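Lettering follows sequence order; numbering is per chain, from 1. What you see is a predicted model; the values in this text were computed from it and never measured.
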Amino acid sequence: MNQDLAQQGLRESATFDRATIHAIQRAAETGVYDIRGWGAKRRLPHFDDLLFLGASMSRYPLEGYRERCGTDVVLGDRNATHPLHLDTPVTIAGMSFGALSAQAKEALGRGASEAGTSTTTGDGGMTPEERDQSKQLVYQYLPSRYGMNPDDLRKADAIEVVLGQGAKPGGGGMLLGQKITERVAGMRTLPVGIDQRSACRHPDWTGPDDLEIKIRELREITDWEKPVYVKIGASRTYYDVKLAVQAGADVVVVDGMQGGTAATQEVFIEHVGVPTLAAVPQAVRALQELGVHRRVQLIVSGGIRGGADLAKCMALGADAVAIGTAALIALGDNHPRYDDAYRELGSAAGYFDDYQDGRDPAGITTQDEELAAGLDPVAGGRRLANFIRVMTMEAQTIARACGKSHLTHLEPEDLVALTIEAAAMARVPLAGTDWIPGAGL
Amino acid sequence: MAALTATGVDLRSVSVRELNHALHRATSGTAWRIAHPDGAHNLAVGLDTAVDVVVDGHVGYYCAGMNQHATVTVNGNAGTGVAENMMSGTVRVCGNASQAAGATAHGGLLVVDGDASARCGISLKGADIVVGGNVGHMSAFMAQAGRLVICGDAGDALGDSIYEARIYLRGRVRSLGADCVEKPMRDEHLAELAQLLKSAGRDEDDPADFRRYGSARGLYHFNSGNSSAY
């Protein structure tokens, strides 16, 4: 709180804080709910609420800079003849051309390829720039089916059937008209400049039994060569993961509510879904009960920010993570060098979330050619590759301290929780105790 | 997997996988006849050459899905999602079709001689669909481009949230969906419809008996004043 006001004895309401007051005033003036990008901003139980137990006497650590700690993973080897082999378990989450500029998509492909991992298309189809720069590209099969065609399906290295997104489980997308240029509209078969309301459910199937047939259709079309992922927004995670596996998924992607978005209702972003931390153990339990843990791989996304988050996801049972918002930050999103420009838009570096407006000074969440040209895909890709390498090395450092020679050897036993909430959600003991709230229930 | 060389395939002795594998490698201009489909799913999906495929019997889900260039004829009924996301070519169902016929199809022609069920032409993206009988509710829901011709009646919420697709209907409609309105049949529409009917082998139908429906374009921009439309 402003110090002068505090000295006057004024006290801000915890219920009606300034952000809430502003939201009410904005709604009263416009009559429209707020649509924005980025992802949940409220404080949620997260991976920061977990700590690793480095080795001392009862465990034997590995030398930090001498002994090998593997990071490679294979995704989708259950049914596909051509599974993905990644050097690092950090992948790039699906983000659309349309929401992002062509330069940003190209930079994501370059960065992922340099770091030895995969990137993913988004709601809007596959661009040539993205395909050319991505050594391993996952093609999203989305409810809207914008730009969906069998030629691109066959060009892909894996197919991701998207059922939901962590920022908005159960909701479709909303790409406002100011970002619908001729190219974006052409890829989506819609008029230029209209607000594009993407579908929230697939048009030609209605449940898990149908999904099984749909997955077999995709396999038939691609001659069973490519892994099929199923992506769900974290909500009823345990049941959804079980149904996805039974429908034939080779890889399950669980996206928690800290996941980003290009544009959706604020009320959706902040109030629908469950935290990523809570979703991971549920997903792992579902896989274990089906006897497919590690055979059907688990990718976790939604607010993954660095090597500690990566290591904690791996310890809880994930096979890889996907980064979205963090990847955009690595490219230059919300960088202080754009602070003046952000302030002209009524925001500031570190706060900018108006991805829907298409006026992003960093040239990332825009279709304005002049703004987009400000992002150098080569330099951006290099920054992203650096970031992925740092994440990977950080996770290796932690894994070695826990005595593990591969990131996949990390286990829940390596973790404790700082809070009761985190202990209950992650199913690991509260630090200094053997207590896991709810265990055995 | 043994290569299929014969163009007559009996699905009681050959798997769907073997059939699709062979069709994906078939030479343009070859003719294939499939016996005993027995409602199998995913028949003749992902075809990418100008082959001619005739299926004698009923098919399950997604028959001829994502078709390109091929001509597929089903001498029977078709399950959910026949010709879904078709890009080009022709698919003909000589009986009835289940839900989501021609869903998201970008190009080509789908003909259903009998009735089609709910959500026919949902999210249509440029293909043409001609239905000889009736269609179920929510047909052409969010249809973006292309044409849906209905020679019989339509169920509830026809053309709900339709974009630039066009609907031609000869019979009655139970109700129109949000933002879908009747539009005048001008000469160019009569000519377009005549051509579509001819392509579907329905030369005897008179375009003058049809009415045209499309988007009022009132919901193209988000506005809280439209909230009662949803």
Side-chain angles (χ1 to χ4, degrees), chain A residues 27 30-33 35 125 141-154 172 174-178 180 185-207 209-224 263 265 356, chain B residues 1 16-17 19-21 23-25 41-48 60-63 65-68 79-82 84-87 99-107 118-119 121-126 138 141-142 144-146 161 163-165 215 217 219-225 227:
Chain A
T30 65
V32 181
Y33 46 47
I35 292 175
Y141 187 74
L142 289 130
S144 67
R145 310 270 172 87
Y146 291 145
M148 177 67 223
N149 71 69
D151 291 334
D152 288 344
L153 201 66
R154 286 185 279 258
M174 169 70 89
L175 193 59
L176 298 184
Q178 52 265 45
I180 313 304
M187 287 179 69
R188 300 177 184 222
T189 326
L190 285 167
V192 173
I194 69 162
D195 296 341
Q196 298 193 349
R197 297 159 291 160
S198 299
C200 69
R201 58 180 190 261
H202 284 262
D204 55 357
W205 56 270
T206 55
D209 296 335
D210 292 359
L211 175 59
E212 180 178 354
I213 305 168
K214 172 56 70 176
I215 286 176
R216 290 184 72 88
E217 183 203 11
L218 296 172
R219 291 196 201 286
E220 284 295 321
I221 290 170
T222 55
D223 287 317
W224 290 70
Q265 303 95 326
Q356 79 286 352
Chain B
M1 186 182 297
V16 171
R17 177 79 286 264
L19 170 64
N20 286 331
H21 180 80
L23 288 173
H24 292 172
R25 285 151 185 78
H41 303 312
N42 303 324
L43 288 184
V45 296
L47 304 189
D48 195 22
Y61 280 48
Y62 308 130
C63 180
M66 299 201 199
N67 183 51
Q68 287 174 297
T80 294
V82 62
E84 68 88 14
N85 215 88
M86 176 167 58
M87 304 300 290
Q99 303 176 107
T104 76
H106 289 250
R119 303 194 297 276
I122 184 172
S123 292
L124 190 66
K125 288 176 166 56
M138 297 295 278
F141 178 43
M142 295 198 291
Q144 297 173 210
S161 301
Y163 292 90
E164 294 299 302
S215 177
R217 302 188 180 97
L219 302 178
Y220 276 16
H221 291 279
F222 180 69
N223 185 321
S224 64
S227 59

Working to the nearest 0.5 angstrom, can you tell me the gap between Asp204(A) CG and Ile122(B) CD1? 8.0 Å
Side chain, backbone, both or neither: which part of Pro191(A) has a heavy atom under 4.5 Å from chain B? side chain
Measuring heavy-atom distances to chain A, does Tyr163(B) have an atom under 4.5 Å in its side chain, in its backbone, in both, or in neither? side chain
Side chain, backbone, both or neither: which part of Glu164(B) has a non-hydrogen atom closer than 4.5 Å to chain A? side chain
Quick check on Arg201(A): does its CZ atom have over 12 non-hydrogen neighbours (other residues, nucleotides or ligands) under 6.0 Å away? no
Residue, of His41(B), His221(B), Arg217(B), that accumulates the most heavy atom pairs under 4.5 Å with chain A: His221(B)
Mark yes or no for whether Asn85(B), through its side chain, and Met148(A), through its backbone, hold a donor-acceptor pair below 3.5 Å. yes
Looking only at Gln68(B), Met142(B), Gln99(B), Met138(B), the option with the highest number of non-hydrogen pairs under 4.5 Å against chain A is Gln68(B)
Is a donor from one side chain sitting under 3.5 angstrom from an acceptor on the other, for His24(B) and Asp223(A)? yes
Which atoms of Leu219(B) are under 4.5 Å from chain A, going by heavy atoms: the side chain, the backbone, both sets, or neither? both
Give the minimum heavy-atom separation between Ala100(B) and Pro203(A), together with the two atoms involved. CB-O, 3.7 Å
Which heavy atom of Thr189(A) sits nearest a heavy atom of Lys125(B), and at what distance? CG2-O, 3.4 Å
Checking Thr206(A) against chain B: side chain, backbone, both or neither under 4.5 Å from a heavy atom? side chain
Tell me, please, whether Tyr62(B) has Lys214(A) positioned over its six-membered ring: NZ or CZ under 6.0 Å from the ring centre and within 45 degrees of its axis? yes
Answer with side chain, backbone, both or neither: which region of Arg188(A) has an atom nearer than 4.5 Å to a non-hydrogen atom of chain B? backbone
Quick one: do the Asn20(B) and Glu220(A) side chains pair a donor with an acceptor below 3.5 Å? yes
Name the region of Met87(B), side chain, backbone, both or neither, that has any atom closer than 4.5 Å to a heavy atom of chain A. side chain
Highest number of heavy-atom pairs under 4.5 Å with chain B among Leu218(A), Ile194(A), Ile213(A), Leu176(A) belongs to Ile213(A)
Checking heavy atoms, do the side chain of His106(B), its backbone, both or neither come under 4.5 Å from chain A? side chain
Looking only at Arg216(A), Arg197(A), Arg219(A), the option with the highest number of non-hydrogen pairs under 4.5 Å against chain B is Arg197(A)
